[in-house]
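Inspection log for the structure reproduced underneath, given as structure tokens.
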Amino acid sequence: MSEPCIICVAITGSVPQKADNPAVPITVSEQVESTHAAFEAGATIAHCHVREEDGTPTSDPERFARLVEGLKAHCPGMIIQLSTGGRSGAGKARGGMLPLAPDMASLSVGSNNFPTRVYENPPDLVDWLASEMLTYNVKPEIEAFDLSHVFQAASMARDGRLKGPLHVQFVMGVKNAMPADRAVFEFYVETLRRLMPEATWTGAGIGRNQIELNRWSLELGGHCRTGLEDNVRLDKDRLAPSNAALVQRTVDLCAEYGRHPASVAEARKMLGLAPA
């Protein structure tokens, strides 16, 4: 049997707009429809943000609740991962959706530069978000934009602020943060394996780096993230027609590396989540 690869689809994010690509889903109904197609193509994690009707990012728990309801109805068993990212809100508003008890939620455990601002994740907010995830039995996905974030996550797991085994996502290619560098990526993986041998991990590349990180992750035994949040193009000449198209590209890559897209049951087992 080939080694399964969990495919996460980041369906909309906080930045891309329909002006960038008309396929970017903005409304809750658009996001449900887009995610369903991506699920049918082979994605088993939906990484979710919500927007106002005009496309403005928000952390509104009511919008998240409607999205979760729609995904559970149309994508049975799919792992729902909600974003606590800082572009959609400030302070504890970033965790206002955690009482919905999704399967997973993103957690950035340190600060770093973004293209035009500092992505602030102060220790007291990180600790509060982590405690809310423990309270509602939400598995965190550690979003590592820097090597220090890997060490901080390991420290939080050791002292009980995070429940293991952890799942870490290496994010590369954000302007002013860590570039997509193969040697650094391999060091990330090596360091995670040394500090947290039981951890699982995903590689996420931004823009043109998306397919590169998909390939590296498949080669080194990790999992893949794709989707219109991170990249709106199939290549330099073509916009991606859908999230499903980007998922299908990743599915096709799996075969090149002797891997197969994880089923819902396989993904949940590997991540230590309850069966669907």
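Worth saying up front: this structure is predicted, and the values here are computed from it rather than measured.
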**Asked** Just wondering, more than 12 heavy atoms not from E256 lying within 6.0 Å of its CD?
**Response** yes
**Asked** Any donor-acceptor pair under 3.5 Å linking the side chain of N209 with the backbone of A180?
**Response** no
**Audit row: R249, Q210, side-chain hydrogen bond (donor to acceptor under 3.5 Å, both in side chains) steps and yes/no** = CA-CA 11 Å; R249 182 175 73 175; Q210 185 174 82; 3.2 Å; yes
**Complete:** side chain to side chain contact (heavy atoms under 4.5 Å, CB included) with I45: of D103, I80, V9, L271, only one passes, and it is L271
**Message:** So, taking the atom named NE2 in H47 and the one named OG1 in T35, what distance separates them when rounded to the nearest 0.5 Å?
**Reply:** 11.5 Å
**Item:** Atom pair NZ/CD1 of K269 and I6 - distance to nearest 0.5 Å
**Value:** 12.5 Å
**Message:** For I142 and M156: C-alpha separation, side-chain torsions, deciding distance, then whether side-chain contact (heavy atoms from CB on, under 4.5 Å) applies.
**Reply:** CA-CA 11 Å; I142 306 302; M156 293 176 71; over 6 Å; no
**Asked** Per the side chain to side chain contact (heavy atoms under 4.5 Å, CB included) rule, which among L147, V168, T200 passes with L192?
**Response** V168
**Asked** Which residue pairs pass the side-chain hydrogen bond (donor to acceptor under 3.5 Å, both in side chains) test with at least one member in residues 123-133, sequence neighbours excluded?
**Response** D127-R161
**Request:** Under the side-chain contact (heavy atoms from CB on, under 4.5 Å) rule, what do R63 and E53 come out as? Steps first, then yes or no, please.
**Result:** CA-CA 11 Å; R63 288 183 181 271; E53 296 301 313; 3.1 Å; yes
**Asked** Any sub-3.5 Å donor-acceptor pair from Q81's side-chain atoms to C48's backbone N or O?
**Response** no
**Request:** Can you spot which of Y188, F170, Y119 makes a ring-ring contact (aromatic ring centres under 6.0 Å, His included) with F145?
**Result:** Y119
**Request:** Check whether any side-chain heavy atom of Y257 sits under 4.5 Å from a side-chain heavy atom of E3, and report yes or no.
**Result:** no
**Prompt:** So how far is it from E141 CD to S106 OG, rounded to the nearest 0.5 Å?
**Reply:** 7.0 Å
**Prompt:** Minimum heavy-atom separation for P61 to L100, with atom names?
**Reply:** O-CD1, 4.0 Å
**Request:** State, with a plain yes or no, whether a side-chain heavy atom of V247 is found less than 4.5 Å away from one of P261.
**Result:** no
**Fill in**
When every non-hydrogen atom of A274 is compared with those of R268, the smallest separation belongs to O-NH1, 2.9 Å
**Message:** Take a 6.0 Å sphere around CD of E52 and say whether it holds more than 12 heavy atoms from other residues, nucleotides or ligands.
**Reply:** yes
**Message:** Please determine whether side-chain hydrogen bond (donor to acceptor under 3.5 Å, both in side chains) holds for the pair S108 and H149, giving the CA-CA distance in whole Å, both sets of side-chain angles, and the decisive distance to 0.1 Å.
**Reply:** CA-CA 8 Å; S108 297; H149 300 171; over 6 Å; no
**Message:** Checking the side chain of N121 only, and the main-chain atoms of V109 only, is there a donor and an acceptor separated by less than 3.5 Å?
**Reply:** no
**Prompt:** Residues in ring-ring contact (aromatic ring centres under 6.0 Å, His included) with F64, at least two apart?
**Reply:** none
**Request:** Could I get the full list of side chain to side chain donor-acceptor pair (under 3.5 Å) partners for Q17, not counting sequence neighbours?
**Result:** none
**Asked** Would you say N243's side chain and L228's backbone share a donor-acceptor pair under 3.5 angstrom?
**Response** yes
**Message:** Could you check whether any side-chain N or O of K139 sits under 3.5 Å from a backbone N or O of P165, counting only pairs where one atom can act as donor and the other as acceptor?
**Reply:** yes
**Request:** Taking the side chain as every heavy atom from C-beta outward, state whether P76 and F39 have any atom pair closer than 4.5 Å.
**Result:** yes
**Asked** Between atom NE2 of H49 and atom OG1 of T84, what is the distance when rounded to the nearest 0.5 Å?
**Response** 9.0 Å
**Rounded distance (nearest 0.5 Å) linking atom CD1 of I11 with atom CG of L246** = 13.0 Å
**Fill in**
In this structure, OG of S217 is separated from CG of L253 (nearest 0.5 Å) by 10.5 Å
**Prompt:** Does the side-chain contact (heavy atoms from CB on, under 4.5 Å) test come out yes or no for Q31 and S34, once each step is laid out?
**Reply:** CA-CA 5 Å; Q31 291 190 52; S34 184; 5.8 Å; no
**Prompt:** Within a radius of less than 6.0 Å around CD of E120, do more than 12 heavy atoms belonging to other residues, nucleotides or ligands occur?
**Reply:** no
**Request:** Determine yes or no for a side-chain-to-main-chain donor-acceptor pair under 3.5 angstrom, with S59 supplying the side chain and S88 the backbone.
**Result:** yes
**Message:** Test your reading of the model: is there a side-chain donor-acceptor pair from R225 to the backbone of V171, 3.5 Å cut-off?
**Reply:** no
**Request:** Identify the heavy atoms of G160 and L134 that sit nearest to each other, and give their distance.
**Result:** O-CD1, 3.6 Å
**Asked** Is the shortest distance from a Lys or Arg side-chain nitrogen in E62 or R66 to a carboxylate oxygen in the other one below 4.0 Å?
**Response** yes
**Message:** Please check this pair: side chain of N231 against backbone of G205, looking for a donor-acceptor N/O pair closer than 3.5 Å.
**Reply:** no
**Prompt:** Are the charged groups of R182 and E186 less than 4.0 angstrom apart, N to O?
**Reply:** yes
**Item:** Same apolar cluster (I L V M F W Y, side chains within < 4.5 Å links), I206/F114
**Value:** yes
**Nearest non-hydrogen partners of P4 and E266, listed with the distance** = CB-OE1, 3.8 Å
**Message:** Keeping R259 on the side-chain end and G222 on the backbone end, is there a donor-acceptor pair under 3.5 Å?
**Reply:** yes
**Request:** Please lay out, stage by stage, how H167 and M270 fare under the test side-chain contact (heavy atoms from CB on, under 4.5 Å).
**Result:** CA-CA 10 Å; H167 182 64; M270 284 187 288; over 6 Å; no
**Asked** Should we say atom NZ of K175 is surrounded by more than 12 heavy atoms from elsewhere, each under 6.0 Å from it?
**Response** no
**Prompt:** Which heavy atom in N21 sits nearest to a heavy atom in A240, and how many Å separate them?
**Reply:** ND2-O, 2.9 Å
**Complete:** Heavy-atom closest pair (L71 atom, A46 atom, distance to 0.1 Å) is CD1-CB, 4.4 Å
**Carboxylate-amine/guanidinium contact R51 E30, below 4.0 Å** = no
**Request:** Determine, using the 4.5 Å side-chain heavy-atom cutoff (strictly less than), whether L129 and V118 are members of one ILVMFWY cluster.
**Result:** no
